[in-house]
Amino acid sequence: GLIALGNGCFKPNISTRVGSLYAVKDTRRDAAFSIFYCGINLGAMFAPLIAGSLRVAVGFEAGFTSASAGMMVCIATYLGFQWVIRDSLKRRLL
């Protein structure tokens, strides 16, 4: 239940964030959503394979560590590219 609740809160927020990068009529907006959904689907495909393989080979700790390492990489990427989002929003407001 908690996973569904967390994902339910995550999905609308990140989709709104992606949508705010470009104007409604901008053709790059469709490409941004395609890249976003591709990334979500790739993560959903590879995460269980990697974490599950590590769990079998090493133990539960390795599986959970790989998941947390992946999340940290995603957070670092998001924070590292905040300037792109800020610049995009500034251009839209001008």
Side-chain angles (χ1 to χ4, degrees):
L2 289 176
I3 292 174
L5 178 66
N7 194 36
C9 292
F10 164 76
K11 182 73 175 76
N13 290 328
I14 196 67
S15 295
T16 301
R17 194 76 163 164
V18 172
S20 69
L21 291 173
Y22 302 103
V24 174
K25 301 278 184 176
D26 195 337
T27 57
R28 296 176 296 173
R29 189 173 188 193
D30 289 337
F33 276 109
S34 295
I35 292 168
F36 167 68
Y37 284 114
C38 184
I40 294 291
N41 289 328
L42 286 172
M45 183 175 79
F46 286 118
L49 296 174
I50 294 169
S53 298
L54 285 171
R55 183 198 58 85
V56 169
V58 181
F60 279 101
E61 294 85 7
F64 282 107
T65 301
S66 70
S68 63
M71 284 187 253
M72 288 189 180
V73 167
C74 291
I75 289 171
T77 302
Y78 177 75
L79 293 175
F81 283 94
Q82 282 291 305
W83 62 272
V84 174
I85 295 169
R86 277 193 303 273
D87 288 351
S88 175
L89 291 174
K90 283 180 190 174
R91 280 191 302 257
R92 286 190 63 205
L93 294 174
L94 294 177

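The structure displayed is predicted, hence computed values, not measured ones. Residues take their numbers from the sequence shown, with the count starting at 1.
- By the neighbour-count criterion of 12 heavy atoms within 6.0 Å, atom CE of Met45 is densely surrounded, having more than that number from other residues, nucleotides or ligands.
- Taken from CZ in Arg55 to OG1 in Thr65, the straight-line distance is 14.0 Å, to the nearest 0.5 Å.
- Atom OH in Tyr37 sits 14.5 Å away from atom CG in Leu42 (nearest 0.5 Å).
- A single hydrophobic cluster is seen to contain both Ile40 and Phe33, as judged by linkage of ILVMFWY side chains at heavy-atom distances under 4.5 Å, directly or through other members.
- For the atom pair CG of Leu54 and OG of Ser66, the computed distance is 5.0 Å after rounding to the nearest 0.5 Å.
- Ile75 and Tyr78 fall within the same hydrophobic cluster, defined by Ile, Leu, Val, Met, Phe, Trp and Tyr side-chain heavy atoms under 4.5 Å apart, directly or through other members.
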